Number of protein chains: 2
Amino acid sequence: MLKDLPQYDCLLKAAERYPELDPSANEAFLNLLRTGDLVFEVINHFLTQNNISQGRFTVMMLLRRHWVENCTPASLAEEAGVTRATMTGLLDTLEKDGMIVRQADTQDRRTLHVHLTDQGSACLDSILPGHFQGVSRVMSPLTHSERKELVRLLQKIQEQLTPEPPKATR
Amino acid sequence: MLKDLPQYDCLLKAAERYPELDPSANEAFLNLLRTGDLVFEVINHFLTQNNISQGRFTVMMLLRRHWVENCTPASLAEEAGVTRATMTGLLDTLEKDGMIVRQADTQDRRTLHVHLTDQGSACLDSILPGHFQGVSRVMSPLTHSERKELVRLLQKIQEQLTPEPPKATR
DNA sequence: ATAAAGAGATTAGGAGGCTAATAATTACTC
DNA sequence: GAGTAATTATTAGCCTCCTAATCTCTTTAT
């Protein structure tokens, strides 16, 4: 959303009208959203060409990351940051396409376990090199230290918005 | 998407398996997407409480920015960065709620002109102060110079991804 | 003048988010 | 041990985004 960002001097002028408007905060905010959107679009375009959506890709990456039986729809939803209802839909289409399977738990008959199939694993392997190349290309204008600085600034914002720090075990 | 970001050392390990994986690029990429998502969520939550979506809010802000008759569905779609079909849907709901009106062009019977109604303008005025406060809060962990540095880094990425520089007339 | 091409807006159909409500199972409490 | 509460997964209904197709009108070419 919002392809044409307002210029900084325009924000200054608007701030005269709205005393709550902090120009530098707004500028950073708009650029953050816009850049995130652009980057998402690039990666999403690549994934779409390979007939997979961002959501499905995330699920498959999570399944590979855990590489064992500990994945339930609820845990995947939690890690992916979507609702369980959404995860049900994602798993539906992934299962329909043969990328994953759902297996009943022998202990607790409420819970299911989700596995990547061989086909799903092969699909992921065929996509990942191109995906990582795309990520590298997107970030190519920044030097190593600039990337580190960007991450530092972004994490300061994240900490503001989440109870704990960015978490990131595993 | 992706609440739990992989740790940097985990990326290093994965890079052994995938030679295309650039750890620092990937770390920056994941943090950018995650932060953008978090920030969007915060703002979207505020707007939702005021019974308006991000898309509708963007359209109303664009209408106010132009403050005259030069807005057509096509130009709004272009500026907002969505398809015309999407804009049609947004304008439908905005018109249904009495926020905007569509008027026929006297010259060219294909084109329409979109205007903010008084009610739409009042609605925007009631929302903006809270919105700007939210933006300031989100960016509060960063100093002024950190915000400027963040914008600089983000714009370098944007330039990589768009033919021209971030544009931003007006 | 008329046919073809182009441009504006819309419609139809699909995907993936969300919330809220439901069904089945397990855990708690007294 | 019976009843209530909590948990797991799902369904239903809504919204917003997309692409592709359609309809109307204007411009261009012949």
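Small disclaimer: the values here were computed from a predicted structure and weren't measured. Per chain, numbering begins at 1; letters A, B, ... match sequence-line order.
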Do the side-chain N or O atoms of [X] get closer than 4.0 angstrom to the phosphate oxygens (OP1, OP2) of [N]?
{"X": "A:R56", "N": "C:dG17", "value": "no"}
{"X": "B:T88", "N": "C:dA9", "value": "no"}
{"X": "B:R84", "N": "C:dT10", "value": "no"}

Whole-Å gap separating [atom2] ([N]) and [atom1] ([X]):
{"X": "A:L91", "N": "D:dT11", "atom1": "CG", "atom2": "C1'", "value": "15 Å"}
{"X": "B:Q54", "N": "C:dC18", "atom1": "CD", "atom2": "C1'", "value": "16 Å"}
{"X": "A:L47", "N": "C:dG16", "atom1": "CG", "atom2": "C1'", "value": "15 Å"}
{"X": "A:K96", "N": "C:dG16", "atom1": "NZ", "atom2": "C1'", "value": "13 Å"}
{"X": "A:L94", "N": "D:dA9", "atom1": "CG", "atom2": "C1'", "value": "16 Å"}
{"X": "A:L112", "N": "D:dT10", "atom1": "CG", "atom2": "C1'", "value": "10 Å"}
{"X": "B:H45", "N": "C:dT19", "atom1": "NE2", "atom2": "C1'", "value": "12 Å"}
{"X": "B:D92", "N": "D:dC15", "atom1": "CG", "atom2": "P", "value": "12 Å"}

Should A:L112 and A:T72 be marked as a side chain to side chain contact (heavy atoms under 4.5 Å, CB included) after you check the CA-CA gap, both sets of side-chain angles, and the distance that decides it?
CA-CA 6 Å; A:L112 298 177; A:T72 67; over 6 Å; no
Reading nucleotides 19-26 of chain D from the 5' end, what letters show protein touch, with B for base, S for backbone sugar-phosphate only, - for no heavy atom under 4.0 Å?
BB----BS
Applying salt bridge (charged side-chain N to carboxylate O under 4.0 Å, His left out), which residue pairs with at least one partner in residues 101-111 of chain B are found, sequence neighbours left out?
B:D92-B:R102, B:E95-B:R102, B:D108-B:R110
If you compare all heavy atoms of A:L150 against all heavy atoms of B:A28, which two are closest, and at what distance to 0.1 Å?
CD2-CB, 4.4 Å
All heavy atoms of B:L33 vs all of A:F40, minimum pair found to be CD1-N, 4.2 Å
Answer yes when [X] and [Y] have at least one side-chain N-carboxylate O distance shorter than 4.0 Å, and no when they do not.
{"X": "A:E149", "Y": "A:R152", "value": "yes"}
{"X": "A:R147", "Y": "B:D22", "value": "yes"}
{"X": "B:E78", "Y": "B:R84", "value": "no"}

Please tell me whether A:E20 and B:S136 have a donor and an acceptor in their side chains that are separated by less than 3.5 angstrom.
no
Candidates C:dG17, C:dG16, D:dT16 - which lies nearest the side chain of B:T93:
D:dT16
Could you write out DNA chain D as a dot-bracket string, with dots for unpaired bases, | for bases paired across to another strand, and Watson-Crick or G-U pairs counted at under 3.5 Å?
||||||||||||||||||||||||||||||
A:H131 and B:F29 aromatic ring geometry - parallel, tilted or perpendicular at 30°/60° bounds
perpendicular
